[in-house]
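Note sheet for the following structure.
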Number of protein chains: 2
Amino acid sequence: MAYTTPGQTREKVFRLVRERILAGLPPTVREVQRAFGFQSVQTAREHLDALVAEGRLHKEPGRSRGFRLPFASGFALVPLLGQVQAGALTTAIENPEGYLPVAPPAAGSELFALRVRGESMIGAGILPGDIAIVRRQPTADHGEIVVAMVDDEATVKRLHLRRGRVELHPENPAFPVIAPNPRALVILGKVIEVRRYFEEPAVVEASS
Amino acid sequence: MAYTTPGQTREKVFRLVRERILAGLPPTVREVQRAFGFQSVQTAREHLDALVAEGRLHKEPGRSRGFRLPFASGFALVPLLGQVQAGALTTAIENPEGYLPVAPPAAGSELFALRVRGESMIGAGILPGDIAIVRRQPTADHGEIVVAMVDDEATVKRLHLRRGRVELHPENPAFPVIAPNPRALVILGKVIEVRRYFEEPAVVEASS
DNA sequence: TGGCAAACCATACATATGTATGGTATGGAA
DNA sequence: TTCCATACCATACATATGTATGGTTTGCCA
């Protein structure tokens, strides 16, 4: 064995780099050097190059802090809206209660989040207080769970399209099916995810 | 007005920087310059300095890519484990199916995610296929939902502590209460969040 | 013994990057 | 008009950072 156990230091280097990347800022070569007390930059570089060669890290040549994890890290923030009144969606998005981290959405799609009120979707496992992550879109397919404007308020229901009829179905027998005028129905978006937080803080604060 | 509407370009600069930071790598001053076609580095710098002065961005002087969002810390990725066998938690964490973005956990706490199997917690609104975000801890309080090892397998149940007894309660009358030997009970952690994805891709891929 | 690879060190260099100083053009207000 | 703030440009400089070359030490193995 050489100065240290083979692979042992390298493993620690990998973990440091991974941790820094996940924390939001990849390290520079010299930051790695300092973190391990190497006397030479090159020592850090050799470990890093080896990790890249092993495929454990990716690297963008020439770029400072150009280390990435092999899987696409990164995420997006979606604004958490409280309640949404008709026509006020844009306004609400500009004044969110906070932000939630989500996996990066497909290009061009716009996400927002809403707190679910009421027990109308209990049958679908959506409880009061749950948070719905919604992709903004004006239409949806039969059977999908959507956010729609009903009585000047945003509501979460399952969309039914049958024989030219459009209906919003609750998932709770105690609630009525809503059959709005198809021309008057405004769909805000499709629910792509539901979350329930048992512990705070759950949300990134809206301002510093 | 000067060359452009006041504040308009600055707003775009802010959004670009925010997007880049969330994507995992803050931009350099010159990258901002190029992105907006500024002829001078200084123009980009002035916008960035102004954003820092306004408190919309934070900055670490002298450091490359030293821009941060005011709600600092960034986000974390938690490993999504499939199934967990007894004693194999550490191994499972090193070989995750993928990663999920979460709000940054408190210092020192370790999170992981599990897919929920079975219908034993339907009463708590936790369905098969849901994903539980778990904070690793060896104990929990009465009434909390925990992940525990039962019959060499990880299971999600509500913890009951009564008169010296320890019980794992399902939230479904069709399932039995589990009353393990208190000394043999291994609690992996506490469920702090539950998610349900209606659309893929839901998870950051584990490899490129 | 010699060869070899791993781990580490020393130094140098080109480029990337943050920073500073001074200037120009536009529009609004005193 | 003059003054000023905003937005932008041009250029220079110090530092940070990525990269390259060659050397040293240690332990393994033929």
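Lettering of chains follows the sequences in order, A, B, ..., and the numbering in each one begins at 1.
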**Request:** Specify the residues of residues 41-48 of chain B, ordered by number, for which at least one heavy atom lies under 4.0 angstrom from an atom of DNA chain C.
**Result:** Gln42(B), Arg45(B)
N/O to N/O distances under 3.5 Å, protein versus nucleotides 14-16 of chain C:
none

**Message:** Does dT19(C) have its OP1 or OP2 closer than 4.0 Å to a side-chain nitrogen or oxygen of Lys59(B)?
**Reply:** yes
**Message:** Within the 4.5 Å heavy-atom criterion, are Leu185(A) and Leu168(A) side-chain neighbours or not?
**Reply:** yes
**Gap between atoms CD and C1', on Glu31(A) and dT17(C) respectively (whole Å)** = 14 Å
**Asked** Checking side-chain contact (heavy atoms from CB on, under 4.5 Å) against Ile178(A), which of Lys157(A), His169(A), Glu167(A) comes through?
**Response** Lys157(A)
**Request:** Starting at atom CD of Gln39(B), determine the distance to atom P of dT24(C), rounded to an integer number of angstrom.
**Result:** 17 Å
**Request:** Assign the ring pair His142(A) / His160(A) to parallel, tilted or perpendicular, where the plane angle (0 to 90°) is split at 30° and 60°.
**Result:** perpendicular
**Item:** Flag side-chain contact, heavy atom, 4.5 Å: Arg115(A) against Leu80(A)
**Value:** yes
**Prompt:** Does a side-chain heavy-atom distance below 4.5 Å link Asp130(B) with Met121(B)?
**Reply:** no
**Message:** Looking at Arg15(A) and Glu19(A), is any side-chain nitrogen of the basic one under 4.0 Å from a carboxylate oxygen of the acidic one?
**Reply:** no
**Item:** Between P of dA6(C) and CD of Glu11(A), the distance in whole Å
**Value:** 17 Å
**Prompt:** Can you check whether Lys12(B) has a side-chain N or O nearer than 4.0 Å to OP1 or OP2 of dA7(D)?
**Reply:** no
**Asked** Does Arg20(B) reach the side chain of Arg65(B), with side-chain heavy atoms less than 4.5 Å apart?
**Response** no
**Request:** Using atom CD of Glu54(A) as one end and atom C1' of dA6(C) as the other, report the distance to the nearest whole Å.
**Result:** 13 Å
**Message:** If I take atom CZ in residue Phe67(B) and atom P in nucleotide dT19(C), what distance separates them, rounded to the nearest angstrom?
**Reply:** 7 Å
**Message:** Suppose we call two aromatic rings close when their centres sit under 6.0 Å apart. Are Phe38(A) and His47(A) close by that rule?
**Reply:** yes
**Request:** For Phe38(B) and dT11(D), give me the distance from atom CZ to atom C1', rounded to whole Å.
**Result:** 18 Å
**Message:** By nearest atom, which of the nucleotides dA10(C), dA10(D), dC8(C) is closest to the Thr9(A) side chain?
**Reply:** dC8(C)
**Message:** Measure CD/Gln33(B) against P/dA7(D) and give the value in whole Å, please.
**Reply:** 17 Å
**Message:** If I take atom CG in residue Asp49(B) and atom C1' in nucleotide dC8(D), what distance separates them, rounded to the nearest angstrom?
**Reply:** 15 Å
**Message:** Less than 4.5 Å apart, side chain to side chain, heavy atoms only: is that true for Arg56(B) and Val17(B)?
**Reply:** no
